[in-house]
Amino acid sequence: MIRVPYRAFRNVRIAPSLAPLGAPLLRYRPIIPLRVIAPAPASRSVLVGDAFADPGCDVTVVQQGLLRPLGPVSFVHQMNHRWKGSDYRVRFALLRLEIFDGATTLMWPAAVGFTDAPIPYGCLLGLTGFFEFLDVHFLGSDRTLEIEPNPLFHAAGGKARISA
């Protein structure tokens, strides 16, 4: 199991009626360190420091700018999506994703979409590519995510490593 603390975001605008009296303008969000890895022979990778775990997102999408460090990849699918009222193209490649917490690493193959949409994080981890392979527990009072591989993770060829 991987345990990742939520990340604190300061000066978040909160309607006064929604925030407890005297609460700081601080919000905690489920942000995960993520590595995106291109297939062999290049096997280049890019570290996405702010991958947002979003079970409301249908697919896993990464900012288009993070594609360049991976080198050439083959796209297997393309579709359009709407973001804040505008249409954007998403191109999907079969890559590997890796998450880690300092003690445990999980790596699995996934379809990853690249978009020019101005998403607020480097990556939105969605149902396809992330939640389908992992059971994720949002522990609000602890401000922590607990992430465990599920049977689809193993069926897809996911690998877990524990550091000594």
Side-chain angles (χ1 to χ4, degrees), residues 1-10 27-79 81 83 88-139 142-164:
M1 177 187 342
I2 287 183
R3 287 181 56 91
V4 181
Y6 288 11
R7 185 181 302 163
F9 288 82
R10 298 193 181 287
R27 282 292 181 244
Y28 295 88
R29 298 193 176 132
I31 304 293
I32 300 171
L34 171 81
R35 183 174 302 281
V36 178
I37 305 163
S43 297
R44 293 181 179 174
S45 69
V46 63
L47 182 64
V48 181
D50 58 347
F52 182 73
D54 182 0
C57 188
D58 289 329
V59 295
T60 294
V61 293
V62 176
Q63 290 178 353
Q64 183 74 27
L66 296 174
L67 180 59
R68 184 180 303 272
L70 295 176
V73 299
S74 297
F75 294 105
V76 296
H77 181 69
Q78 179 176 306
M79 62 185 250
H81 73 107
W83 179 265
Y88 294 91
R89 180 178 66 167
V90 182
R91 296 181 302 159
F92 289 85
L94 298 176
L95 304 172
R96 295 187 75 72
L97 298 179
E98 179 182 88
I99 59 174
F100 41 89
D101 68 359
T104 304
T105 301
L106 298 175
M107 185 187 326
W108 66 98
V112 177
F114 291 89
T115 181
D116 283 330
I119 60 177
Y121 303 97
C123 176
L124 297 176
L125 295 166
L127 298 174
T128 299
F130 186 74
F131 288 99
E132 68 183 320
F133 299 117
L134 301 162
D135 292 337
V136 180
H137 304 279
F138 292 81
L139 305 176
D142 292 342
R143 297 183 185 125
T144 301
L145 288 178
E146 289 183 345
I147 305 167
E148 298 181 85
N150 67 31
L152 288 177
F153 175 89
H154 301 293
K159 308 243 186 274
R161 287 191 319 259
I162 298 174
S163 302

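Excluded from the calculations below are hydrogen atoms, water molecules and symmetry mates; all remaining heavy atoms, backbone and side chain alike, are included.
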Trainee: Measure across Val4 and Pro33 and return the closest heavy-atom pair with its distance rounded to 0.1 Å.
Mentor: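 Val4 and Pro33 have their closest heavy atoms at CG1-CD, 4.1 Å.
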Trainee: Which heavy-atom pair separates Leu34 from Leu47 by the least distance, and what is that distance?
Mentor: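 For Leu34 and Leu47, the tightest heavy-atom pair comes out as O-CD1, 3.3 Å.
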Trainee: Would you check if Gln78 and Arg91 make a side-chain contact, meaning some heavy-atom pair closer than 4.5 Å?
Mentor: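 Counting from C-beta outward, Gln78 and Arg91 do come under 4.5 Å.
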Trainee: Hey, are the side chains of Val36 and Leu97 touching, using non-hydrogen atoms and a 4.5 Å cut-off?
Mentor: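 Of all side-chain heavy-atom pairs linking Leu97 with Val36, at least one is under 4.5 Å.
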Trainee: Once rounded to the nearest 0.5 Å, what's the spacing between atom CG of Asp116 and atom CZ of Arg89?
Mentor: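 Answer rounded to 0.5 Å: 7.5 Å.
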Trainee: I'd like to know if the side chain of Trp108 and the backbone of Gly129 have a donor-acceptor N/O pair within less than 3.5 Å.
Mentor: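 Yes, Trp108 side chain to Gly129 backbone: donor-acceptor pair under 3.5 Å.
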Trainee: Can you tell me how far the OG1 atom of Thr105 sits from the NZ atom of Lys159, to the nearest 0.5 Å?
Mentor: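 Taking OG1 in Thr105 and NZ in Lys159, the distance rounds to 14.0 Å.
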Trainee: Is it the case that the side chain of Asp58 and the backbone of Gly126 share a donor-acceptor pair, with hydrogens and angles ignored and the cut-off at 3.5 Å?
Mentor: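 Between the backbone of Gly126 and the side chain of Asp58 there is no qualifying donor-acceptor contact (under 3.5 Å).
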Trainee: Locate the shortest heavy-atom distance separating Arg96 from Gly157; write the atom from each residue and the value.
Mentor: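 Closest approach of Arg96 to Gly157: NH2-O, 3.7 Å.
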Trainee: Check whether any side-chain heavy atom of Val90 sits under 4.5 Å from a side-chain heavy atom of Phe92, and report yes or no.
Mentor: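 Val90 reaches Phe92 side chain to side chain.
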Trainee: Got Thr60 and Cys123 here, is their nearest side-chain heavy-atom distance under 4.5 Å?
Mentor: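 Side-chain contact under 4.5 Å: yes.
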Trainee: Nearest 0.5 angstrom please: Arg44 CZ to Ile37 CD1, how far?
Mentor: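 Going from CZ on Arg44 over to CD1 on Ile37, the span is 14.0 Å.
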Trainee: Of the non-hydrogen atoms in Ala38 and Val73, which two are nearest, and what is the gap between them?
Mentor: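 Closest heavy-atom pair between Ala38 and Val73: CB-CG1, 4.3 Å.
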Trainee: Please name the pair of heavy atoms, one in Phe133 and one in Ala156, separated by the smallest distance, quoted to 0.1 Å.
Mentor: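 Result for this residue pair: CE2-CB, 3.6 Å.
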Trainee: Output yes when a side-chain donor or acceptor of Asp101 lies under 3.5 Å from a complementary backbone atom of Arg3, and no otherwise.
Mentor: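 A pair under 3.5 Å: yes.
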Trainee: For a 4.5 angstrom cut-off between non-hydrogen side-chain atoms, does Arg35 reach Met107?
Mentor: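 Arg35 vs Met107: side chains apart.
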Trainee: Could you tell me if the side chain of Leu95 sits less than 4.5 Å from the side chain of Pro39, heavy atoms only?
Mentor: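 In short, these two side chains touch, coming nearer than 4.5 Å.
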Trainee: Can you say whether the rings of Phe114 and Phe75 are parallel (under 30°), tilted (30 to 60°) or perpendicular (over 60°)?
Mentor: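 Perpendicular: the ring planes of Phe114 and Phe75 meet at over 60°.
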Trainee: About how many Å separate NE2 of His137 and OG1 of Thr144, when rounded to the nearest 0.5 Å?
Mentor: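 Result: 13.0 Å between the selected atoms.
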Trainee: Establish, yes or no, whether a centroid distance under 6.0 Å links the rings of Tyr121 and Phe52.
Mentor: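 Tyr121 vs Phe52: aromatic centres under 6.0 Å.
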Trainee: Given Thr115, which of Gln64, His81, Gln63 fulfils the side chain to side chain donor-acceptor pair (under 3.5 Å) condition?
Mentor: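 It is His81, the one option of Gln64, His81, Gln63 that forms the side chain to side chain donor-acceptor pair (under 3.5 Å) with Thr115.
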Trainee: What's the spacing between Ile31 CD1 and Tyr6 OH if we round to 0.5 Å?
Mentor: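 OH of Tyr6 is found 10.5 Å from CD1 of Ile31.
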Trainee: What is the distance from atom CE of Met1 to atom CG of Leu145, rounded to the nearest 0.5 Å?
Mentor: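 Interatomic distance, Met1 CE to Leu145 CG, rounded to 0.5 Å: 12.0 Å.
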Trainee: What pair of heavy atoms forms the shortest contact from Ile32 to Ile147, and how long is it?
Mentor: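 For Ile32 and Ile147, the tightest heavy-atom pair comes out as CD1-CD1, 3.8 Å.
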Trainee: Contact between Tyr88 and Pro118 at the side-chain level, heavy atoms closer than 4.5 Å - yes or no?
Mentor: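 Yes, at least one pair of side-chain atoms sits under 4.5 Å.
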